[in-house]
Number of protein chains: 2
Amino acid sequence: MSTGPIPPSASRSLDRPRPTDQSDVRRHNAALVLDCVDAAGPLSRARVAAHTGLTRATVGTIVDELIAAGLVSEKGTRAPSGVGRPGTDLALRPEGAGGVGLEINVDGYVASVVDLAGTVRHRAARSGDLRGRTATAVLRTAARLVDDAVAAAYDLGIPVRGIGVAVPGLVDLGEQVLRLAPNLGWTDVRVVERLRSYAVTTWPSPMVLDNEANLAALGELWVGGHGSADSFVLVNGDVGVGAGVVLDGRLHRGTRGFGGELGHLTVAPDGPECRCGARGCLEQVAGLDFILRQAGVRDAPRTGEDAVAPLLARLARGDERAVAAVRQAGESLGVGVAALVNLFDVETVVLGGIFAPLFPWLDEPLRAVVRRRVLSAAWAPLTVRPSALGRDAAVIGAAYAPLRDLLADPLGADASVA
Amino acid sequence: MSTGPIPPSASRSLDRPRPTDQSDVRRHNAALVLDCVDAAGPLSRARVAAHTGLTRATVGTIVDELIAAGLVSEKGTRAPSGVGRPGTDLALRPEGAGGVGLEINVDGYVASVVDLAGTVRHRAARSGDLRGRTATAVLRTAARLVDDAVAAAYDLGIPVRGIGVAVPGLVDLGEQVLRLAPNLGWTDVRVVERLRSYAVTTWPSPMVLDNEANLAALGELWVGGHGSADSFVLVNGDVGVGAGVVLDGRLHRGTRGFGGELGHLTVAPDGPECRCGARGCLEQVAGLDFILRQAGVRDAPRTGEDAVAPLLARLARGDERAVAAVRQAGESLGVGVAALVNLFDVETVVLGGIFAPLFPWLDEPLRAVVRRRVLSAAWAPLTVRPSALGRDAAVIGAAYAPLRDLLADPLGADASVA
DNA sequence: TATATTCGTTCAGCGCCCAAACATACTCGT
DNA sequence: ACGAGTATGTTTGGGCGCTGAACGAATATA
């Protein structure tokens with residue numbers, strides 16, 4: 001939930017050490033106040049002061065500015081609940097700011113508008129196999145979706161603070177280039193630049209580009225409602241199996257943006273050969289292909305969430321072969337999760353992608369394996385739960401990314417309209 | 001090398017968000033200046049200003065205070081190397097502060113004094129099997145070593161800023177209690193409190209207690225001289241195999257202080273049964289016991305670095321059985337390292353403990369396995385190297401821990417003598 | 001010797017937080 | 001009904017730390 005002394009910027013992290021001055025103090029304390037109002041529900045100024053440790057005077061001036069910026073609103077006098085002058089409650093103003101998210105995937109794209117409270121206010125999707133289509137064709141259509149989303153936000157009266165784009169591949173964060181997207185067959189596509197050039201309406205300035213797994217993990221972190229769990233691993237299942245590692249509220253992308261390749265952990269050395277060259281990779285014995293094959297499901301698309309629909313039907317009616325297949329996948333997954341837990345000691349594992357709907361059948365075998373393999377299982381009970389955001393985690397994370405920057409620096413830019 | 005905007009305190013990390021005021025600005029900038037002087041060698045005030053982005057005026061006042069605190073010294077006028085008035089060079093004063101470290105292990109204890117530059121200025125060790133001995137007996141003797149170290153620091157004119165204690169077991173950082181040390185047979189020992197009560201001389205106030213693997217990783221990070229690598233994994237070999245994970249200059253202890261249990265990663269499902277209950281754990285096929293057994297070495301102690309001496313002798317003369325044993329361990333280790341790299345995308349792996357002296361024989365088979373199993377191996381070359389600090393990594397990390405706190409807040413406490 | 005250049009210091013100015021005092025609004029007791 | 005008590009929100013003076021510009025100092029160049 002809360003990070004270090006000064007909340008690090010989500011997208012642009014200048015790791016070069018910078019000098020600090022009073023304006024940073026203001027920035028930090030403004031973020032602190034806003035976070036307090038956001039997290040601890042409606043509160044009076046005095047309670048915010050007590051909660052943050054700031055003076056009432058300081059909170060007063062900061063709140064004034066936050067109200068002027070449209071991020072916080074006074075909810076009128078609270079019903080007097082004791083002696084003394086009752087305070088005026090402050091609350092986050094959800095429509096005070098919003099973000100637009102775009103996810104480009106192999107089986108279609110989605111765009112959405114998310115407000116400051118993390119609520120999805122607009123959503124538009126196009127399905128269809130994108131493999132083999134040129135970047136130009138895809139991005140042109142995607143830009144139309146973003147246009148619509150920006151317009152929808154305008155109609156809702158929500159000022160858009162930025163646009164996040166999630167893509168299935170390796171991303172150069174600094175240059176904002178999609179270096180490699182194997183499933184799309186793209187290399188070195190300047191996604192942000194190209195999208196902008198196809199824009200019809202005027203788009204707000206900050207745009208961020210990131211890998212979809214990363215943004216999905218961030219989405220879970222930011223709006224997934226984990227309560228206090230700021231360390232978790234999001235295990236995403238599809239044809240491949242990936243993981244987004246969040247420790248102490250920080251996503252770990254790895255030194256070069258690789259990482260999270262849970263799928264190629266060795267689980268069964270005598271298992272089938274993997275496309276990576278090794279044997280017994282987790283994704284060979286827990287990925288979508290394996291499950292469908294084992295379960296005897298043949299009449300299904302080979303990717304995406306639609307692929308599990310027929311499987312779910314069989315599971316629901318108790319098809320033994322299907323149940324056994326998923327159980328076996330759950331056990332394999334347990335080996336991977338056990339490794340994660342042994343290495344990171346995370347207390348929460350979130351199952352996303354196709355694993356989310358399969359959770360009821362995966363849960364028990366997975367836990368059993370983890371219990372057997374994790375040294376500290378007795379002391380540190382592991383929470384395993386399905387993704388709260390489901391398939392939309394990445395879009396939501398993308399849309400919310402600019403809002404995180406805003407929350408970290410609420411008074412940095414100009415104010416906004418009502 | 002450099003972390004986020006405000007360097008987080010190493011030992012006590014108050015994760016509750018705090019308000020910030022001008023004193024934090026000062027703290028941060030003082031740390032920035034000191035870090036600049038430390039890292040970028042002797043520099044004039046003006047160059048420090050240019051390098052940090054602060055004003056010359058600000059740097060001037062901060063440097064005055066750092067000199068008053070004894071942490072920085074003027075090295076006289078530099079040889080004029082161009083037009084304009086030459087600047088007076090500033091340098092870190094190594095004897096401006098020091099830390100005392102104590103490591104308690106199964107096969108003895110070590111105490112040392114480390115100065116601000118990371119140089120070991122005093123070292124005293126006692127060998128001997130500590131298993132089964134009572135905490136009281138051990139801690140009483142250990143306190144004597146610390147007494148000596150404190151006295152030695154005094155004789156050297158180095159003001160001691162704190163004492164770090166490394167123990168082989170599970171530590172409660174907040175309560176400073178050693179919860180469980182299986183190899184020593186201890187439970188719930190208030191190490192810091194007890195040590196203090198046995199002290200003869202006066203010990204400086206901050207004492208920190210941590211797991212030896214964690215402190216070894218921090219030692220490598222702080223004084224191991226990695227250059228710019230602030231993300232790495234320290235793989236420590238002994239009877240067990242542990243890992244210290246450092247990402248972006250931050251050590252990850254895990255939610256509850258477990259974690260880094262690389263030894264119980266599954267490597268060979270059909271392998272021997274492990275004491276943890278599972279089969280094929282890494283430490284069963286790469287740990288000290290396995291290597292010695294496989295190599296046919298019987299006349300050796302069962303733990304510590306002494307245990308590898310006879311093995312090293314055989315390796316040096318090309319004993320085939322020994323070479324094969326280590327090679328096999330290297331391959332198993334490669335599987336574990338590959339998993340680490342896949343999950344974290346670290347670019348550096350440091351081999352410590354018994355793996356450090358065995359590095360020349362482990363390196364090649366380990367790399368081969370990693371190359372085969374890691375997806376991104378082609379793009380992201382992995383650096384594997386032996387620990388720079390060797391067996392003393394944990395003591396050095398322990399001794400340096402208080403100094404990290406000092407570097408993060410150089411003007412927090414009182415000044416010191418010359 | 002005069003000028004340009006760089007270094008280090010000094011001095012107002014400003015922004016921010018804090019502490020304390022003040023005005024406000026409501027409850028409680030008589 | 002009315003004052004005492006309590007909690008909220010605002011105003012004011014003070015301190016601290018950074019900035020920017022100006023100034024003396026030390027050296028190279030013309």
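The figures that follow rest on heavy atoms only: side chains count, while hydrogens, waters and symmetry mates do not.
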What are the two closest heavy atoms between A:A97 and A:L406, and how far apart are they?
CB-CD2, 3.4 Å
Under a 3.5 Å cut-off on both pairing distances, which runs of 3 or more consecutive Watson-Crick or G-U pairs involve DNA chain C?
C:1-30 with D:1-30
Quick note, B:V83 side chain, CB onward, closest among D:dG9, C:dA25, C:dT5 is C:dT5
Can you check side-chain contact (heavy atoms from CB on, under 4.5 Å) on B:E74 and B:D89, steps first, answer last?
CA-CA 6 Å; B:E74 287 189 327; B:D89 270 350; over 6 Å; no
Correct closest heavy-atom pair for B:A408 and B:P410 would be C-CD, 3.8 Å
Report the distance from atom NE2 of A:H51 to atom P of D:dA7, rounded to the nearest whole Å.
19 Å
Does a nitrogen or oxygen in the side chain of B:T88 sit under 4.0 Å from OP1 or OP2 of C:dG8?
yes
When A:L209 is tested against each of A:V171, A:L215, A:L173 for side-chain contact (heavy atoms from CB on, under 4.5 Å), which residue passes?
A:V171
Taking every non-hydrogen atom, the tightest pair across B:A117 and B:P94
CB-CB, 3.9 Å
CG of B:L32 versus P of D:dG17: gap in Å, rounded?
16 Å
Rounded to whole angstrom units, what separation is found between the CG atom of A:L43 and the C1' atom of D:dT8?
14 Å
C:dC7 P sits how many Å from B:R47 CZ, rounded?
6 Å
Any donor-acceptor pair under 3.5 Å between the side chain of A:R85 and the base of D:dT8?
yes
Closest heavy-atom contact between A:L407 and A:Y400?
CD1-OH, 3.7 Å
To the nearest angstrom, how far is B:H28 atom NE2 from D:dC18 atom C1'?
14 Å
Contact between B:R45 and B:D64 at the side-chain level, heavy atoms closer than 4.5 Å - yes or no?
yes
Using a 4.0 Å heavy-atom cut-off, write out nucleotides 9-18 of chain C from 5' to 3' as B (base contacted by protein), S (sugar-phosphate only) or - (no contact).
BB----BBSS
Heavy atoms of B:P19 and B:D24 approach each other most closely as O-OD2, 3.9 Å
Here's a test for you: under side-chain contact (heavy atoms from CB on, under 4.5 Å), which of A:V160, A:L116, A:V223 qualifies with A:L403?
A:L116
